[in-house]
Amino acid sequence: MNAPERSAVHRADAAFQEMHGRAPSGVWSAPGRVNLIGEHTDYNDGFVLPFALPHRTAVAASARDDGLLVATTLGDDGKAQHATPIAVSALEPGAVQGWAAYPSGVAWALREQGVHGGADLVIAGDVPAGAGLSSSHALECAVALALLGLAGRAPDGAAGSPALSEIARWVQRSENDFVGAPTGLLDQTASLCCTEAHALFLDVRSGKSEQVLFDAAANGLRVLVIDTRASHSHTDGGYGARRSGCERAAELLGVPALRDVAVAELPEVLPRLPEELRPLVRHVVTEDDRVLRAVDHLRSGRMAEIGPLLTASHTSLRDDYRVSVRELDVAVESALAAGALGARMIGGGFGGSAIALVPEDALTAVEEAVVAGFALESLGTPRLFTAVPSAGAGRDK
Ligand code: GLA
């Protein structure tokens, strides 16, 4: 177990004991993620390639016999924030606002799966919030495992136990229909299914996945995460508008999803679409292709060669999908100018984080260049850290 993981689990556990005067029945935790490549492809039935961060959200939990969900979260300042207790049977979309909507939404989605019991939940974590690193999904996945664990339905491979991919769909339902963010399956699946030292190659349509070895240090490389601190949200219109544009394009083309269009078909396909949908389609179709090429490089041990694919992904997200912001562009441009092999924004966009694939001996220069690039345009100070693929969600105690 690495340091941030231990501290989130430990903090949730200790705070539970202090608050309730007894040990929790268990502690579960789930990580945030970075996505190496494959952006805005998940809801188009396409391909993604995320890995789990060492940063985690932990949930210490015990069952209650009065049917209430009683959730507390520890803020960054260590102070407890208590959600208003609510009966699991009374949960419905719109009933809970703010951070408590995330654990409540999971309880609501699991109720449909026969998990009705109340619970005391104490939450602590170190996934940077609002940074596009999937802190909300880390929270949702940890809560899902906690509630399932308390109900004796842990995903342990026993007969009748749920598969992780099934839990990812339940978490997606809570995010889409309870929280109100029309997101795809990338983040939940990454948080639940990633493993240490690997990126997860997921075909969203078939649900088939492959753990692809991703040991940057063994290749003399590092993945630098650049949290721009420009905060983002997927409950406002930008994300949903892109998503419905893709769905409309697929419908006009008579295909189930944009996954079904090949790069070679673009010259014939694009003119058949209204002008405003063409760049969306071009991004999704070329991005799926970039994921496949990146996976090929990784499988053959050519990690450095994914660099140009990362940068091409950024260009496509910036110019065609139009979800970048100045902070993300500056992060990418300054990292590349200082020797990164590739760089791109990650996640939904409109703020959040970028990654850069950096030769070990250029790391300091790249970090300094990014900070200087932000200062030059008065964009504040980004938060920088290097990340290695870490373990997915599970029970810690
Ligand atoms: C957000 C969503 C994901 C995915 C990415 C873009 O992170 O939660 O489902 O669509 O944006 O790739």
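Please read these numbers as outputs of a predicted model, since none were measured by experiment. Whatever order the structure lists them in is the order used to number ligands and atoms, beginning at 1.
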In terms of relative ring orientation, are His20 and Phe16 parallel, tilted or perpendicular, with 30° and 60° separating the classes?
tilted

For ligand 1 and Glu39, I'd like to know whether there is a polar contact (N/O to N/O, distance under 3.5 Å).
yes

Under 3.5 Å donor-acceptor, Asp203 side chain and Arg205 backbone:
yes

Any idea which atoms of ligand 1 are less than 4.0 Å away from a heavy-atom of Gly348?
1 (C), 5 (C), 6 (C), 7 (O), 11 (O)

Element-labelled atoms of ligand 1 that are located less than 4.0 Å from some non-hydrogen atom of Thr183:
2 (C), 8 (O), 9 (O)

Say whether Asp42, considering both its backbone and side-chain N or O atoms, lies within less than 3.5 Å of an N or O atom on ligand 1.
yes

Partner of Thr73 under side chain to side chain contact (heavy atoms under 4.5 Å, CB included), picked from Ile123, Val59, Val122, is Ile123

Do any nitrogen or oxygen atoms of Gly184 come within less than 3.5 Å of a nitrogen or oxygen of ligand 1?
yes

Has ligand 1 got any nitrogen or oxygen that is less than 3.5 angstrom from a nitrogen or oxygen of Tyr43?
no

Please identify each residue that fulfils salt bridge (charged side-chain N to carboxylate O under 4.0 Å, His left out) with Arg299, with sequence neighbours left out.
Glu210, Asp296

Should the proximity of Arg33 to ligand 1, defined as any heavy atom under 4.0 Å, be assigned to the side chain, the backbone, both, or neither?
side chain

Tested for side chain to side chain contact (heavy atoms under 4.5 Å, CB included) against Leu110, the lone hit among Ile167, Val171, Leu148, Leu91 is Leu148

Does any N or O atom in Asp187 lie less than 3.5 angstrom from one in ligand 1, N or O only?
yes

Pair Arg290-Thr286, side chain to side chain donor-acceptor pair (under 3.5 Å): steps then yes or no
CA-CA 6 Å; Arg290 282 185 287 272; Thr286 58; 3.1 Å; yes

